[in-house]
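Structure first, commentary second.
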Amino acid sequence: MPAARAAGLSVCGFPRTERLLRRGQYLRVQNGGRRVHTAHFVILVLPRGVQGDAQGPATARIGVTVGKRVGNAVRRNRVKRVVREVYRTSKTLFPTDCDVVLVARLGADRLDYGAVKAEVERARDAIFEARTKALARDPRPPQSSL
RNA sequence: CGGAGCGGACCAGGUGAUCGUCGGCUUCUUUAACUGUCCCGAGCUUCGGUUCGGGGGAAGAAAGAGCGGGAGGAAAGUCCGAGCUCCAAAGGACAGAAUGCCGGUUAAUGGCCGGUGGGGGCGACCCCGAGGAAAGUGCCACAGAGAAUGAACCGCCUUGGCCAAUCACAUACCCACCGAGCAGCCUUCGGCUCUCGGCGGACUACGGGGUUGCACAAGGUAAGGGUGAAAAGGCGAGGUAAGAGCUCACCGGGUCGGCGGUAACGUCGAUCGCUAGGCAAACCCCAUUCGGAGCAAGACGAAAUAGGGAGGCGUUCGAGGGCGGUCCGCCCGAGCCUCCGGGUAGCGUCGCUCGAGGCGUGCGGUAACGCGCGUCCUAGAUGAAUGAUCACCACCCGCAUCCCGGCAACGGGUGCGGGAACAGGACUCGGCUUACGGUCCCUCCGACCU
RNA sequence: GCGGGAGUAACUCAGUGGUAGAGUGCAACCUUGCCAAGGUUGACGUCGAGAGUUCGAAUCUCUUCUCCCGCU
């Protein structure tokens, strides 16, 4: 029973383990990840190390970057919230063994929840293709660099 | 009803459902791999301890459950002022910066309140960095005669010069007329000539006088013109050759005194060579204030550690540093600086939310504000929390013309669609400024009706 | 969060109270058989915005907007 509950919650929750929390994590993804471009986002995908790292969760880790160009603080926060909501409600759009950073581009503040979800859904195939390409190119991602 | 005083006060959509987020509490479940603690056994020991194994217990921790919280009037800009922290203490001088009518308020301010003065508006009301220009230095372009130890271009006036023009007057000459004559001539009436007097006219000459003119000279003048943003108190009268504070009245200004006011200042009176422009948001002077940095302040901890080589300076005669404007003074002080080649970390906890706090109320004060009483606890994140979806209600706009009222404009209902501002805590407060949706109240002006 | 700096022609910059300038670029013409270079001429500005001081503001003062840099 607790297992089932935990599983059900993990489908729709957004705990801390599924986020990027340090600047170093962001920098690693931004330097080593593959890019997928959409109209209002740049999505960076970096597979986590398959070796070792037993305590790593079996889900994706998401980070959102919204620069000052996008708008004032209210609009930037809004973009972050909407993107997180999209991840939370439809986690199957993201590969479970990768770190993903979504960088908002100009105009992202005008999107609502439905528009962002549609945009990510259209980019789903490209995201998974980026993952397989990254794995094929370098089977041992630069985990040891940090 | 319309416009205004950008006068004051208030709100910042609500309710429910599902999922999600942040930290707090409960100690209700679960876990026993992690940390710490207690007990037992064994090993080592410098007898202080320490390592390994087993167990208890449930403190921390992790996951779950429950409970109750979670952005603003500007949270913003960072323009001021403080608290707090560190720099040994926060000392002196200079430099530098800020402020600048007066009084009050406050922890403090450049804020706020009240007053004074000035400006704007018919008014309600609004705006003002508003000390000093005979301490000194500087600037005032162009134009204009002159722009600051006061100036003469035109004009006005006086005197002189040169002539010229003109006017009036008087005298002489001339002409005409009238009268007189003891003068002369002609044939009478009478006429002519001459002389004298009167009146009128014309013209020239000289004389003096007036007026006007002059690329003239010497002076007087600051009324007027013109230039300019600004021209040496304003305006009127007297006065004068023309003028002028030269004199006078009024206004303005300076000084002195009385009165009112805590004061800024106001008011009254006397007095005056009214003679000295403006700019200090130009330098500056005067008065007052200011030590510097800022929660990335700072404290504790974890992890890691290492120190070496070369050269220079120095050990109480003191290198270097605190000290981040300079100097003095004070303090620390045996290491410090440069180069070469290396290592580690860019993490955690505290600071971190109870405070010059909010709300209500009474009293004092014109007010800002202060004092008392009661009551409430109301975010503490750190790639950074308040969201998403749906439904209903309330507000605004548009469309439909389906229904009702009305001749109509239109109003009400119904349905559909859209909108709902500015904007997100980052140590905390007090202000200021800027952005912005709406509601209400007060006041003023205008129009209409009674 | 804190501290500092900048904004002038299309671009890079001068201009520190008195008519807004230089270089490059742009346009036209000359030169050349053509191009480049060269020469002549010309256009080009809300001095980031709004108030204030002043007779007069790109310049001085205040407010505001945008951009840049530094500090762990």
Side-chain angles (χ1 to χ4, degrees), chain A residues 1-128 130-131 134-135 138 140-146:
Chain A
M1 206 266 288
R5 252 180 117 177
L9 289 168
S10 77
V11 167
C12 290
F14 189 39
R16 202 156 258 210
T17 52
E18 298 182 28
R19 292 185 229 168
L20 298 181
L21 295 171
R22 297 263 158 252
R23 178 164 173 78
Q25 296 168 349
Y26 274 84
L27 289 175
R28 197 175 60 206
V29 173
Q30 284 169 6
N31 290 327
R34 294 191 72 86
R35 295 179 186 175
V36 175
H37 295 269
T38 68
H40 298 97
F41 293 96
V42 176
I43 306 172
L44 294 137
V45 182
L46 182 70
R48 270 200 305 282
V50 286
Q51 89 291 0
D53 209 8
Q55 82 264 25
T59 61
R61 291 197 294 181
I62 297 293
V64 185
T65 295
V66 185
K68 224 172 189 178
R69 284 178 165 276
V70 173
N72 57 33
V74 171
R75 295 172 190 214
R76 294 199 305 269
N77 279 342
R78 185 181 164 71
V79 170
K80 288 183 184 179
R81 286 167 182 159
V82 168
V83 171
R84 282 195 212 111
E85 194 71 13
V86 167
Y87 168 75
R88 193 175 68 75
T89 52
S90 46
K91 289 186 177 178
T92 54
L93 293 174
F94 298 94
T96 55
D97 58 347
C98 290
D99 289 342
V100 178
V101 171
L102 290 96
V103 181
R105 303 173 71 187
L106 211 63
D109 58 310
R110 285 191 290 273
L111 303 176
D112 62 356
Y113 168 74
V116 173
K117 187 172 180 181
E119 195 166 322
V120 176
E121 277 172 348
R122 280 197 301 274
R124 184 180 184 278
D125 292 343
I127 292 170
F128 277 86
R131 169 183 169 272
L135 285 171
D138 185 9
R140 280 194 36 136
Q143 183 83 3
S144 60
S145 70
L146 257 172

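Residue numbers begin at 1 in each chain, while the letters A, B, ... track the order of the sequences.
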Spacing of [X] atom [atom1] and [Y] atom [atom2] [to the nearest 0.5 Å]:
| X | Y | atom1 | atom2 | value |
| --- | --- | --- | --- | --- |
| R78(A) | D112(A) | CZ | CG | 7.5 Å |
| K80(A) | L102(A) | NZ | CG | 12.5 Å |
| N72(A) | N77(A) | CG | CG | 9.5 Å |
| T92(A) | E121(A) | OG1 | CD | 8.5 Å |

If only side-chain N and O atoms of [X] are considered, is one of them under 4.0 Å from the OP1 or OP2 phosphate oxygen of [N]?
| X | N | result |
| --- | --- | --- |
| N72(A) | G424(B) | yes |
| R76(A) | G383(B) | no |
| R88(A) | U389(B) | no |
| R78(A) | A388(B) | yes |
| R84(A) | G20(B) | no |

Taking the same atom, [atom1], in [N] and in [M], what whole-Å distance lies between them?
| N | M | atom1 | value |
| --- | --- | --- | --- |
| U338(B) | A319(B) | C1' | 15 Å |
| G261(B) | C248(B) | C1' | 37 Å |
| C286(B) | A135(B) | C1' | 11 Å |
| A384(B) | G425(B) | P | 15 Å |
| G294(B) | G324(B) | P | 14 Å |
| C359(B) | C11(B) | P | 10 Å |
| A89(B) | C323(B) | P | 11 Å |
| U37(B) | U344(B) | C1' | 33 Å |

Note, L111(A) side chain near V82(A) side chain (heavy atom, < 4.5 Å):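 Not in contact.
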
Between A388(B), A385(B), A423(B), spot the one nearest the side chain of V74(A), thanks.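 Among the listed nucleotides, the one closest to the side chain of V74(A) is A423(B).
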
When you get a sec, tell me which of C19(B), A423(B), G383(B) is the closest nucleotide to the side chain of T65(A)?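 Among the listed nucleotides, the one closest to the side chain of T65(A) is G383(B).
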
Atom [atom1] of [X] to atom [atom2] of [N]: distance rounded to whole Å?
| X | N | atom1 | atom2 | value |
| --- | --- | --- | --- | --- |
| E18(A) | G383(B) | CD | P | 18 Å |
| L44(A) | G383(B) | CG | P | 19 Å |
| R61(A) | G383(B) | CZ | P | 14 Å |
| N77(A) | A379(B) | CG | P | 19 Å |
| I62(A) | G20(B) | CD1 | C1' | 15 Å |
| Y87(A) | G383(B) | OH | P | 18 Å |
| D109(A) | G424(B) | CG | P | 13 Å |

For I62(A) and E18(A), what are the C-alpha separation, side-chain angles and deciding distance, and is it a side-chain contact (heavy atoms from CB on, under 4.5 Å)? CA-CA 6 Å; I62(A) 297 293; E18(A) 298 182 28; over 6 Å; no

With nearest nucleotide decided by heavy atoms, which residue, G63(A) or Y113(A), maps closer to the 5′ end of RNA chain B?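 Nearer the 5' end of the strand: G63(A).
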
Reading RNA chain B from 5' onward, which residue's closest nucleotide shows up sooner: R75(A) or D112(A)?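 Between the two, 5'-proximity favours D112(A).
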
Regarding V82(A), tell me which of base, sugar-phosphate or nothing describes its non-hydrogen contacts under 4.0 Å with the strands shown.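 Result for V82(A) = nothing.
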
Just to be sure I understand the rule, does R19(A) reach a base, reach only the sugar-phosphate, or reach nothing, if contact means heavy atoms closer than 4.0 Å?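 Sugar-phosphate only.
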
Could you check which nucleotide pairs with [N] in any of the strands shown, counting Watson-Crick or G-U wobble with both distances under 3.5 Å?
| N | value |
| --- | --- |
| A10(C) | U24(C) |
| U109(B) | none |
| G301(B) | C347(B) |

Are E85(A) and R88(A) within salt-bridge range, i.e. N to O under 4.0 Å?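 Salt bridge between E85(A) and R88(A), a charged N being under 4.0 Å from a carboxylate O: yes.
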
